[in-house]
Visitor: 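Handing you this structure, nothing more for now.
Counting from 1, the numbers follow the sequence of the chain as shown.
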Amino acid sequence: MAFASKSGGGPMSDMNVTPLVDVMLVLLIIFMVTAPPLTYPIDVNLPQKSLNPPPQTREPPPPIRLRIDASGQVFWNDAPQPITAIQDMMKAEVQRDPSNQPMLEIDTSPDADYGILAKVLAHAKNANMEKIGFVQN
């Protein structure tokens with residue numbers, strides 16, 4: 001006989017996976033078609049092009065250079081000032097022209113006390129200063 005094998009007619013141990021793969025592919029296609037799209041519209045207000053740009057305001061005043069050294073001394077435009085007078089000076093600058101405030105440029109020494117910087121920032125907030133920047137050495 002040409003179809004005889006040496007296995008002795010025992011059960012066949014190979015599984016036919018072709019029908020399993022066919023069923024899985026059909027299920028995959030069904031899920032892909034019926035799944036809702038994962039896109040949700042998000043309203044974003046983007047700036048629109050303006051044909052008439054806003055008029056340029058006056059030139060901003062010169063910036064205020066505030067420096068804090070390692071000993072905790074505060075310098076207002078290179079003039080030493082006590083920390084208690086800083087807030088009044090900031091309020092005076094803001095009251096001069098609230099719509100055109102000068103930029104407050106804060107320069108601190110790497111060894112400066114953080115508490116002094118925190119007081120300066122609190123004074124700037126209480127004085128309603130809007131333009132605050134840090135100078136990096």
Visitor: Give, for atom NZ of Lys131 and atom CD1 of Ile64, the distance between the pair rounded to the nearest 0.5 Å.
Guide: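 Answer for the NZ-CD1 pair, Lys131 versus Ile64, is 11.0 Å.
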Visitor: Hey, does the side chain of Gln48 reach the backbone of Leu46 with a donor-acceptor pair shorter than 3.5 angstrom?
Guide: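 Yes.
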Visitor: Heavy atoms only: give me the nearest Gln87-Asn126 pair and the separation to one decimal.
Guide: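 Smallest interatomic distance, heavy atoms only, reads NE2-CB, 3.1 Å.
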Visitor: Same cluster or not: Phe31 versus Leu20, using hydrophobic residues (I, L, V, M, F, W, Y) connected whenever any side-chain heavy atoms lie under 4.5 Å apart?
Guide: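 Shared cluster, no.
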Visitor: Tell me whether Gln101 contacts the main-chain N or O of Glu130 through its side chain, where contact means a donor paired with an acceptor under 3.5 Å.
Guide: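 Yes.
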Visitor: Apply the test side-chain contact (heavy atoms from CB on, under 4.5 Å) to residues Arg65 and Asp107: give CA-CA distance (whole Å), side-chain angles for both, the deciding distance (0.1 Å), then the verdict.
Guide: CA-CA 7 Å; Arg65 293 186 324 268; Asp107 182 16; over 6 Å; no
Visitor: Between CD of Gln81 and CG of Leu66, what distance do you get to the nearest 0.5 Å?
Guide: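 Result: 9.5 Å between the selected atoms.
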Visitor: For a 4.5 angstrom cut-off between non-hydrogen side-chain atoms, does Ile68 reach Leu117?
Guide: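 A side-chain contact under 4.5 Å exists here.
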Visitor: State plainly whether one hydrophobic cluster holds both Met103 and Trp76, where clusters connect Ile, Leu, Val, Met, Phe, Trp and Tyr through side-chain heavy atoms under 4.5 angstrom apart.
Guide: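 In one cluster: no.
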Visitor: So Asp69 and Thr108, do their side chains get closer than 4.5 Å, heavy atoms only?
Guide: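 In short, these two side chains do not touch, never coming nearer than 4.5 Å.
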Visitor: If I take atom CD1 from residue Ile29 and atom CE from residue Met24, how far apart are they, to the nearest 0.5 angstrom?
Guide: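 If I round to the nearest 0.5 Å, the distance is 13.0 Å.
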Visitor: At their closest point, which heavy atom of Ile83 faces which heavy atom of His123, and how far apart are they?
Guide: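 Distance-wise, the nearest heavy atoms are O-NE2, 3.6 Å.
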Visitor: Are Ile86 and Tyr114 linked, directly or through other ILVMFWY residues, by side chains that come within less than 4.5 angstrom of each other?
Guide: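 In one cluster: yes.
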Visitor: To the closest 0.5 Å, what do you measure between CG (Leu121) and CG (Leu104)?
Guide: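 Interatomic distance, Leu121 CG to Leu104 CG, rounded to 0.5 Å: 8.5 Å.
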Visitor: May I ask you to check whether Ser109 and Asp111 show a side-chain donor-acceptor distance below 3.5 Å?
Guide: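 Looking only at side-chain atoms, Asp111 and Ser109 do not form any donor-acceptor pair under 3.5 Å.
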Visitor: Taking Ile106 as the fixed residue, which of Val74, Val135, Ile132 is the one that meets the side chain to side chain contact (heavy atoms under 4.5 Å, CB included) rule?
Guide: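 It is Ile132; the other options fail the test.
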Visitor: Find the distance between CE (Met89) and OG1 (Thr84) and round it off to the nearest 0.5 Å.
Guide: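 Output value for this atom pair is 11.0 Å.
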Visitor: Going by atom types only, do Asn52 and Ser50 share a side-chain donor-acceptor pair under 3.5 Å?
Guide: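 On atom types as modelled, these side chains do not qualify, holding no pair under 3.5 Å.
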Visitor: Quick check on the hydrophobic clustering: are Val21 and Val26 connected, directly or via other members, by side-chain heavy-atom contacts under 4.5 Å?
Guide: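 No, Val21 and Val26 fall in different hydrophobic clusters.
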Visitor: Any non-hydrogen side-chain atom of Arg67 less than 4.5 Å from a side-chain atom of Asp78?
Guide: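 Contact flag for Arg67/Asp78 side chains = yes.
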Visitor: In the single-linkage hydrophobic clustering (I, L, V, M, F, W, Y; side-chain heavy atoms under 4.5 Å), do Met90 and Phe134 co-cluster?
Guide: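 Yes, one cluster joins them.
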